[in-house]
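Beneath this line is the structure, given in structure tokens, with notes to follow.
Reminder, nothing fancy here: chain letters follow the sequence lines and each chain counts from 1.
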2 protein chains.
Amino acid sequence: MSKLSDVHGPDEVREAFRVYLRDRGIKYTTPRQKVLDAVLDLHHHFDAEQVLYALKERDLKVGKATVYRTLPLLVDCGVLKEVRFDVKQTHYEHAFGEGPHDHMVCRRCGRIVEFASDEVVELRSRIGRRHNFHVISHRFQLTGLCWDCAIVCPVATMPAPERRE
Amino acid sequence: MSKLSDVHGPDEVREAFRVYLRDRGIKYTTPRQKVLDAVLDLHHHFDAEQVLYALKERDLKVGKATVYRTLPLLVDCGVLKEVRFDVKQTHYEHAFGEGPHDHMVCRRCGRIVEFASDEVVELRSRIGRRHNFHVISHRFQLTGLCWDCAIVCPVATMPAPERRE
DNA sequence: ATGCTTGCAAAACGTTTGCACAGGG
DNA sequence: CCCTGTGCAAACGTTTTGCAAGCAT
């Protein structure tokens, strides 16, 4: 049970984080545990501020700086994955449990549809090979209209008044 | 000669911008012309600050705010395209002249390799169809090691000390 | 003449950092 | 114990905005 991609339960994730920190000589402190716990309770996509808010809700006081310093650790150890939408803040999602996927964002309602990316991975290595580039990761984001919005607004190209997330 | 994707010369681009503005009741002012001219002289990828610097170099004084207000207009009218790398600033590139393409960024030296995206466009509509999503645009960015860096550093996964652009 | 546009400076925004103090190994 | 980690607040860099003055139509 060392590969995080095979891990599902919160306890296993916590253990993985502890081991990751110990192996690198980084301390498994209370604030870092709190951040991890808060992150485990969040789903879908969230940013640093939402983590901070989740902590405040649980009466777990952790400084903003600590949250910003811990999230990269969680990314680096494979608990979280950075997800960059077209906004200035960095978003995160759980990197364990479900397989790799990419996102489609509805221009109108902001809805996010996830899709598995087997074909994308295949395509990316084909392209890499063609250009002598060793591909390590990718970001593939589609923008458009979800089913509901496409009905309401068949030829919409204008951005919606407000977008979520 | 109305489709900007078929337009190549600076004069045609300027004309397209003028028409775009007129059609929307926005004025074709001197500062906006200056920004366009500066942008036409820049190549590859650039951000707002570089536009500002290019203007300063040519003794064309345009306020920072005006640059920030003009760039979205140029994007909207199809002269520029937003290119988001994993940095906080927004980068732009010319949206006319050459066909659509995506980018591979070398994790180590920051080099950017462009590749045509026919297969990507095909894949994106296939995925969209599968999920009842009307895809309008995409962003496909590959990260990895370019040929030179892959030789120097065959198993590099650590980010380089500094990245360009 | 009217009202969009400009430029400046200040605000806003998410994120990072300096520093004195606390706490883990 | 020592040295790392914490929390606060202040700094940061990019982008946005308020506002008085300027200029195009």
Side-chain angles (χ1 to χ4, degrees), chain A residues 14 17-38 45-56 59-77 80 82-92 159 162-163 165, chain B residues 17-38 45-53 55-56 59-77 80 82-92 159 161-165:
Chain A
R14 273 186 274 265
F17 187 41
R18 203 184 56 73
V19 169
Y20 163 85
L21 292 178
R22 175 170 48 62
D23 288 354
R24 317 192 82 195
I26 303 174
K27 292 174 185 169
Y28 187 51
T29 60
T30 314
R32 293 210 249 250
Q33 292 175 46
K34 288 179 182 172
V35 172
L36 175 56
D37 281 358
H45 310 101
F46 53 88
D47 58 20
E49 205 190 341
Q50 285 169 275
V51 175
L52 216 36
Y53 180 76
L55 286 164
K56 215 167 285 174
D59 281 313
L60 303 174
K61 298 161 236 300
V62 178
K64 175 188 295 192
T66 301
V67 170
Y68 274 102
R69 283 187 278 231
T70 303
L71 288 175
L73 292 176
L74 290 169
V75 170
D76 197 52
C77 87
L80 294 183
E82 280 190 3
V83 183
R84 307 237 184 189
F85 299 111
D86 282 354
V87 292
K88 52 192 73 177
Q89 326 97 276
T90 302
H91 283 82
Y92 300 88
E162 271 191 321
R163 281 177 229 180
E165 193 147 4
Chain B
F17 187 42
R18 204 185 55 72
V19 169
Y20 163 85
L21 293 177
R22 174 170 49 62
D23 288 353
R24 317 191 83 195
I26 303 174
K27 292 173 186 167
Y28 188 51
T29 59
T30 314
R32 293 209 250 250
Q33 292 174 46
K34 288 179 182 171
V35 172
L36 174 57
D37 281 358
H45 310 101
F46 52 87
D47 58 19
E49 205 189 341
Q50 284 169 275
V51 175
L52 215 35
Y53 180 76
L55 285 165
K56 215 167 286 174
D59 282 312
L60 304 174
K61 297 160 233 302
V62 178
K64 175 187 296 193
T66 301
V67 170
Y68 275 102
R69 285 187 278 233
T70 304
L71 289 175
L73 293 175
L74 290 170
V75 170
D76 198 51
C77 88
L80 294 182
E82 278 191 5
V83 183
R84 305 236 183 190
F85 300 111
D86 283 353
V87 290
K88 50 194 71 177
Q89 327 98 276
T90 302
H91 283 83
Y92 301 88
E162 272 191 323
R163 281 177 227 180
R164 287 191 284 102
E165 190 146 8

Inset, instruction - Return the value, rounded to whole Å, for the distance between atom NZ of B:K34 and atom P of D:dA24. - result: 11 Å
Inset, instruction - For the side chain of A:Y68, starting at C-beta, report the closest nucleotide among C:dG18, D:dT15, C:dT15. - result: C:dT15
Inset, instruction - Please round to the nearest 0.5 Å and tell me the distance separating atom NZ of A:K61 and atom OG1 of A:T66. - result: 14.5 Å
Inset, instruction - Quickly work out the A:D47 CG to C:dT15 C1' distance and round it to whole Å. - result: 12 Å
Inset, instruction - Please tell me which of the listed nucleotides, C:dT5, D:dC8, C:dT6, lies nearest to the side chain of B:R69? - result: C:dT6
Legend entry - Nearest-nucleotide 5' precedence on DNA chain D, B:P72 against B:K27: B:P72
Inset, instruction - Describe the nucleic acid contact of B:R32 in one word from base, sugar-phosphate, nothing, applying a heavy-atom distance below 4.0 Å. - result: sugar-phosphate
Inset, instruction - Kindly indicate whether the side chain of A:H91, heavy atoms from C-beta on, has any atom under 4.5 Å from the side chain of A:F46. - result: no
Inset, instruction - State which residue, out of B:V83, B:L74, B:D47, B:L71, fulfils the side chain to side chain contact (heavy atoms under 4.5 Å, CB included) condition with B:Y92. - result: B:L71
Legend entry - Given C:dG25, D:dT16, C:dT5, the nucleotide with the shortest approach to the side chain of A:K88: D:dT16
Legend entry - Nucleotide D:dT15, atom C1' - distance to CG of B:L52 in whole Å: 12 Å
Inset, instruction - Please say which of B:L60, B:L52, B:L73, B:V67 ends up in a side chain to side chain contact (heavy atoms under 4.5 Å, CB included) with B:V35. - result: B:V67
Legend entry - Minimum-distance nucleotide to B:Q89 side chain [options: C:dT6, D:dC8, D:dT14]: D:dT14
Inset, instruction - Assign each of B:I26 and B:A65 to its nearest nucleotide of DNA chain C by heavy atoms, then name whichever residue's nucleotide is nearer the 5' end. - result: B:I26
Inset, instruction - Please work out if B:K64 contacts a base, only the sugar-phosphate, or nothing of the nucleic acid, heavy-atom cut-off 4.0 Å. - result: base
Legend entry - A:T30 vs C:dG24: side-chain N/O to OP1/OP2 distance below 4.0 Å: yes
Legend entry - Rounded interatomic separation in angstrom, taking CG from B:D86 and C1' from C:dT15: 15 Å
Inset, instruction - Give the nucleotide from the list C:dT15, C:dG7, D:dC8 with an atom nearest to the side chain of A:T90. - result: C:dT15
Legend entry - Separation of D:dT6 P from A:L60 CG (nearest whole Å): 14 Å
Inset, instruction - Step through the shown structure and confirm whether more than 12 heavy atoms of other residues, nucleotides or ligands are within 6.0 Å of CD on B:E49. - result: no
Inset, instruction - Can you tell me the distance, in whole Å, between the CG atom of B:L73 and the P atom of C:dT6? - result: 9 Å
Legend entry - N or O in side chain of A:T29 less than 4.0 angstrom from D:dT6 OP1/OP2: yes
Legend entry - Options D:dG7, C:dG7, D:dT15, nucleotide nearest the side-chain atoms of A:T66: D:dG7
